[in-house]
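Report on the following structure.
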Amino acid sequence: MANRHRNIIKMTVAAVLLIVLILVSMMLGRYNLSFHDVMNYFFNRADSSTKLILKLRFTRIVAVILVGAGLSMAGATFQSVFNNDLASPNILGVATGASVGAAFAILNGLPIYLIELFAFVMGVLTMFLTLLINHFLHNNSGITLILAGIIMAGLMQSILGSIKYVADPEDQLQSIVYWELGSFMKVDLSSLMSVGPVLLVGILFLFFARWRLNVLSLDEATIKTIGINPNLNRNLMILVATLLTSAAVCLCGVIGWVGLVVPHISRSIVGGDNRNAMPMTGITGAILLLIADTLARSISVNDIPLSIVTGFIGVPIFVFILLRRKDTVV
C-alpha cells in the first residue's frame, strides 16, 4: 500500500512537471514571450499578434504531448508483449515501414487521412513480416526478434530509398525527407485534428488495458485459467501499438529513441508493474519529447530535426540505464 502511494506521488509530480514545461515551452521560441502573455492567451486577453504565435505553439505542444506519450506507450507495449527490453517501434521496423507507407502516399499526392492509412497498413505489414521471420527461425530468444526487426527495417529503408529516387526533388523529396528526420514544424490545427484523435484513442486504450500486459507475461495455461485469450490479446496490443506508431509517423515523421528509452526510465521510477509503469511512461514520454522539441525550435533559427535532438538525449540516458543494470537486456 505504501509503495502504491509513493508511485501515485511520483506520477503526480511528473504530471505537475509536464504542466510547468507546457507553460515554459509556450514562452520559449524564436520570439520569447512572458508568463503574463501566456496567461493572457488562456484567458483570451492577448493581443492579436501574440495570440497567433501562442495558438501555433499550443497546437504544436498538444501534438508533441500526444506523440511523446503514444510512442513511449507503444514501446512499452512491444517490450511487455514480446518480453524483450530492446523491442521498440524503430528497432522492430514498424516506424520505417510506416514511413514507406507515408512516402508512397506523398509520392501520389494523397490527402492526410490516406497518408495515415498507408502508414498504418505498412506499419502493420512490417510488424507481421518481422514476426513471420522470427517464427521461421524457430528461436524464441530475444535477440532473434531484434535481428528480424533489423532485417525488415533494412528492407524498408531500401524501399524508402527507391521512392526518394523517383520523387520530385522540388516538392515530394523534401516532404519525404521531412518524414525521415522527424519534425513538428508543419503541424497545424488541421493535421492535428486529423491524426490527434487516433493517437488519443490509442493512448486511452493502452491506459485502460494496461493490466492485460501484466497477465500476458504469465504462462499460457495460467492466462487461459484467468479467462483471457492470449493470442487475441497479444495481437490486439500489437495492433494498437502499431497504430500509435503509424499515426505518430504520419503527423511528424520518424522520431528515434523515445519508444526505446522512456519505458526503461519509467520502470526505474515506479517499478515493472504496468498498472503504474504505463501511465508513468506516457507522462515521461510527453516530458522528454516536449523538452526535445522546445530545444529544436529554440536554439536555432531553423527547426533542428527531432531525431537529432532525441538521439543526443536518448543515447546517454540509455547507456546510463545499461550501466546501472550491469546485465544484458536481451
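Positions are given from 1 along the sequence.
- Checked by atom type and distance alone, the side chain of N134 never pairs as donor or acceptor with a backbone atom of T130 at under 3.5 Å.
- Residue A87 comes nearest to L92 through the heavy atom pair CB-CD1, 4.1 Å, listed as atom of the first residue, atom of the second, then distance.
- Remark: R234 engages E220 in a salt bridge (Lys or Arg N to Asp or Glu O under 4.0 Å) (not counting sequence neighbours).
- Side-chain contact, S25 with R297: a donor N or O sits under 3.5 Å from an acceptor N or O.
- Few gaps surround CZ on F82; more than 12 heavy atoms of other groups in view lie less than 6.0 Å from it.
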Query raised in the report: Can you check side-chain contact (heavy atoms from CB on, under 4.5 Å) on V24 and T294, steps first, answer last?
Result: CA-CA 9 Å; V24 172; T294 304; 5.8 Å; no
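- Pairing each heavy atom of A74 with each of L206, the nearest pair is N-CD1, 4.3 Å.
- Using modelled atom types, one side-chain atom of S217 and one backbone atom of N214 make a donor-acceptor pair closer than 3.5 Å.
- Checking side-chain atoms of S191 against main-chain N and O of D188 turns up a donor-acceptor pair under 3.5 Å.
- Counting side-chain heavy-atom gaps under 4.5 Å among Ile, Leu, Val, Met, Phe, Trp and Tyr, the cluster of L239 also holds F120, V124, V198, L243.
- For Q79 (side chain) and N84 (main-chain N/O), no donor-acceptor pair under 3.5 Å exists by modelled atom type.
- Panel note: side chain H264, backbone D85; a donor-acceptor pair is recorded below 3.5 Å.
- Salt bridge annotation for D303-R60: present, with a cationic side-chain nitrogen under 4.0 angstrom from a carboxylate oxygen.
- The aromatic rings of Y41 and F58 are tilted relative to each other, their planes meeting at an angle between 30° and 60°.
- Looking only at side-chain heavy atoms (C-beta outward), V254 and E180 stay at 4.5 Å or farther from each other.
- Counting only heavy atoms from C-beta outward, the side chains of V258 and I255 approach each other to under 4.5 Å.
- Partners of D47 under the side chain to side chain contact (heavy atoms under 4.5 Å, CB included) rule, at least two apart in sequence or in another chain, are S49, T50.
- A donor-acceptor pair is defined here as one N or O able to donate and one able to accept, closer than 3.5 Å; such a pair exists between the side chain of S268 and the backbone of I265.
- Side chain of N276 to main chain of D273: no donor-acceptor pair is present (N/O by atom type, distance under 3.5 Å, no hydrogens or angles).
- At a cut-off of 3.5 Å, with distance as the only test, a side-chain donor of N233 or R212 sits close to an acceptor on the other residue.
- Seen from the ring of F208, R210 does not count as a face-on cation partner, given the 6.0 Å and 45° thresholds.
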